[in-house]
Colleague: 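Supplied in structure tokens, the structure appears directly below.
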Amino acid sequence: MHAPRAVVIGSGIGGLTTAVALHRSGWQVTVVERAASLEPVGAGISLAPNAQRALDVIGLGDEIRSLAAWQGEGGMRSPDGRWLARTDSTAAAERFGGPLVLLHRAVLVDRVAAALPASAIRTGCPARLVDPGTAGGRPAVIGTPDGPVEAELVIGADGIHSAVRDVLFPDHPGPSYAGFTTWRVLVPAPAEPFAPHETWGRGALWGTQPLKDGRIYAYGAAVAPAGARAADDERAELLRRFGDWHRPIPGIIEAAEPGSVLRNDVHQMTDPLPAFHRGRAVLVGDAAHAMAPTLGQGGNQAIEDAVVLAHHLAPGTDLGAGLAAYTADRLPRTTAVVRKAARVSRLMRLSGPVSVAVRDFTMSTASRLGPGLVLRTFDGIADWRPPQHTYAAGTNDAPVGQTRWTTTDENRDARR
Ligand SMILES: Cc1cc2nc3c(=O)[nH]c(=O)nc-3n(C[C@H](O)[C@H](O)[C@H](O)COP(=O)(O)OP(=O)(O)OC[C@H]3O[C@@H](n4cnc5c(N)ncnc54)[C@H](O)[C@@H]3O)c2cc1C
């Protein structure tokens, strides 16, 4: 039987997990990536139980968990080292039905990509949506360096500055600057033991978390003008901003290789799109719902998108109805998460001494009244369950991605 053909534009976490989910439900999938290789940024990523359950659906949950460190032990501190709130990874796991875990992005991307035949992924292939097609008839068309390609389904997984989104919804203003910038570093573990922590200061925060391989993933955020960059280098900038914060923060920054510090301004889409699909084209991940990283949910939501989309697009189902069901499921949920992340960002951006003192007092009082109060931020997010538990084993016998890349003209010839 002819397996319907899907082309995914973008091989980030959203694009790759969507490709695997569609592949497992019987689609013939090709992923096109403009970068020369699949090399995610050198940073960690936290996966809450919601994303892990989605990974379970596509058969990858156990493997990913085995490569990740449990997160949630430690707590929140102030820059002088005072504990504002203690958190407990076991309590988090009990509350949400599983642990919050942290792993290197490269490990995640590597394991998800390995679930596809290598020939399903084409790197060095910038693509653009030429025609979203109509769900009832005309195929979608994308432009590639090899010429136009037709597909029954195009997935725009091209990230926060998505060009696919611009074609589908040209009137939407797109993401806007969230008012703060971020830094990320990976360093060897410090000799001195430390408790994982997130430290909240005035208009700035710092987090230090261990990875399973012994290294440390640390991140900082601070209110800053959009596009501002250190005149010297970002490691020096981090020392200026966080060098007098409690241990181990200064040592972590000093251990970073000069030039290895990643800096990204944060953009978000608090005004949702009118839909996540049009015609035969659909958006997943940051392309659909860019959010601030303050809940660590951007990638998690992309993984949820993947399994919900595949759930609604089982081959044989009506494409238009399936895409409408995907939008109906995902748009309200992701809008709520985007807005919650924006609210947490506003707390992080507070910089007046009085407002910061009130924030810290509230945090520590809430924590003393019950450790579960801090975890409540993730209620309704981390406890999400996918629409189905697993795909029927071996549903896809199609030689996914092993078919030769064909252009529009060749596809048309083949249909004659
Ligand atoms: C500081 C920071 C910390 C974060 N921490 C977490 C966390 O702990 N947990 C979490 O879940 N999320 C986290 N996030 C958010 C997370 O990184 C993103 O939500 C996630 O990576 C989005 O994945 P994506 O696949 O949608 O987009 P991307 O990862 O941006 O992938 C898009 C891909 O599309 C490709 N592309 C773009 N245009 C084209 C084109 N024309 N043709 C072909 N390819 C194209 C790009 O090269 C890229 O590979 C964090 C974000 C930041 C900034």
Colleague: Just grab all the ring pair (Phe, Tyr, Trp, His ring centres under 6.0 Å) pairs involving residues 208-238, residues at least two apart or on different chains.
Modeller: Y217-Y219
Colleague: Is there a donor-acceptor pair under 3.5 Å between the side chain of E198 and the backbone N or O of M76?
Modeller: no
Colleague: Run the ring pair (Phe, Tyr, Trp, His ring centres under 6.0 Å) test against H161 and tell me which residues pass, sequence neighbours left out.
Modeller: H267
Colleague: With heavy-atom distances below 4.5 Å as the criterion, would you say the side chains of R65 and D56 are in contact?
Modeller: yes
Colleague: Does any non-hydrogen side-chain atom of R241 lie less than 4.5 Å from one of W206?
Modeller: no
Colleague: Under 3.5 Å, is there a donor-acceptor pair between the side chain of D62 and the main chain of L60?
Modeller: no
Colleague: Where the side chain of R53 meets the backbone of P386, is there a donor-acceptor pair that is under 3.5 Å apart?
Modeller: no
Colleague: Which residue pairs satisfy the side-chain hydrogen bond (donor to acceptor under 3.5 Å, both in side chains) criterion with at least one member in residues 131-141, sequence neighbours excluded?
Modeller: D131-R138
Colleague: Measure across G15 and A157 and return the closest heavy-atom pair with its distance rounded to 0.1 Å.
Modeller: CA-CB, 3.4 Å
Colleague: Which of parallel (below 30°), tilted (30 to 60°) and perpendicular (above 60°) describes F242 and W183?
Modeller: perpendicular
Colleague: Working to the nearest 0.5 angstrom, can you tell me the gap between I142 CD1 and E150 CD?
Modeller: 11.0 Å
Colleague: With a 4.5 Å limit on heavy-atom distance, are the side chains of L153 and P4 in contact?
Modeller: no
Colleague: So, do F194 and I216 sit near enough that their side-chain heavy atoms are less than 4.5 Å apart?
Modeller: yes
Colleague: Any salt bridge (Lys or Arg N to Asp or Glu O under 4.0 Å) pairs touching residues 328-342, not counting sequence neighbours?
Modeller: E304-R330, E304-R333, D305-R330
Colleague: Would a distance-only check, ignoring hydrogens and angles, find a side-chain to backbone donor-acceptor pair under 3.5 Å from D158 to A163?
Modeller: yes
Colleague: When you compare the side chain of I303 with that of L47, does any pair of heavy atoms fall below 4.5 Å?
Modeller: yes
Colleague: Is it true that atom CZ of F361 has more than 12 heavy atoms of other residues, nucleotides or ligands lying nearer than 6.0 Å?
Modeller: no
Colleague: What residues form a salt bridge (charged side-chain N to carboxylate O under 4.0 Å, His left out) with R240, not counting sequence neighbours?
Modeller: D232, E237
Colleague: Please list all pairs passing the salt bridge (Lys or Arg N to Asp or Glu O under 4.0 Å) test where one or both residues lie in residues 257-277, with sequence neighbours left out.
Modeller: R229-D265, E234-R263
Colleague: Mind checking what makes side chain to side chain donor-acceptor pair (under 3.5 Å) contact with H197, not counting sequence neighbours?
Modeller: T199, T208
Colleague: So, using side chain to side chain donor-acceptor pair (under 3.5 Å) as the criterion, who are the partners of Q268 when residues are at least two apart?
Modeller: none
Colleague: Give a yes or no answer on whether the side chain of R184 reaches the backbone of L262 with a donor-acceptor pair at less than 3.5 Å.
Modeller: no
Colleague: Sequence neighbours left out, what passes side chain to side chain donor-acceptor pair (under 3.5 Å) with D379? Give chain and number order.
Modeller: R95
Colleague: Is there a donor-acceptor pair under 3.5 Å between the side chain of R24 and the backbone N or O of I58?
Modeller: yes
Colleague: With distance as the sole test, does T18 use its side chain to make a donor-acceptor pair with the main-chain N or O of G14 at under 3.5 Å?
Modeller: yes
Colleague: With the side chain counted from C-beta on, respond yes when I155 and L309 share a heavy-atom pair under 4.5 Å apart, and no when they do not.
Modeller: yes
Colleague: Enumerate, atom names and distances included, each donor-acceptor pair closer than 3.5 Å involving a side-chain atom of residues 96-112, sequence neighbours excluded.
Modeller:
| unit_1 | atom_1 | unit_2 | atom_2 | d |
| --- | --- | --- | --- | --- |
| H104 | ND1 | A106 | N | 2.9 |
| R105 | NE | G44 | O | 3.3 |
| R111 | NE | E63 | OE2 | 2.7 |
| R111 | NH2 | E63 | OE2 | 3.3 |

Colleague: Kindly say whether V223 contributes a backbone atom to a donor-acceptor pair with the side chain of R349 at under 3.5 angstrom?
Modeller: no
Colleague: Within a strict 4.5 Å, meaning less than it, do heavy atoms of the L347 and W200 side chains meet?
Modeller: yes
Colleague: Measure the OG-CZ distance between S78 and R202 for me, rounded to the nearest 0.5 Å.
Modeller: 12.5 Å
Colleague: Under the 3.5 angstrom rule, does the side chain of S364 hit a backbone N or O of D360 as a donor-acceptor pair?
Modeller: yes
Colleague: Would you say that L283 contacts S162 through its side chain, given a criterion of any heavy-atom pair below 4.5 Å between the two side chains?
Modeller: yes
Colleague: Taking ring pair (Phe, Tyr, Trp, His ring centres under 6.0 Å) as the test, write out the residues that go with W384, two or more places apart.
Modeller: none
Colleague: Examine distances only and state if a side-chain atom of T181 and a backbone atom of A222 form a donor-acceptor pair shorter than 3.5 Å.
Modeller: no
Colleague: Kindly write out the residues that satisfy side chain to side chain donor-acceptor pair (under 3.5 Å) with D233, not counting sequence neighbours, or none if the list is empty.
Modeller: none
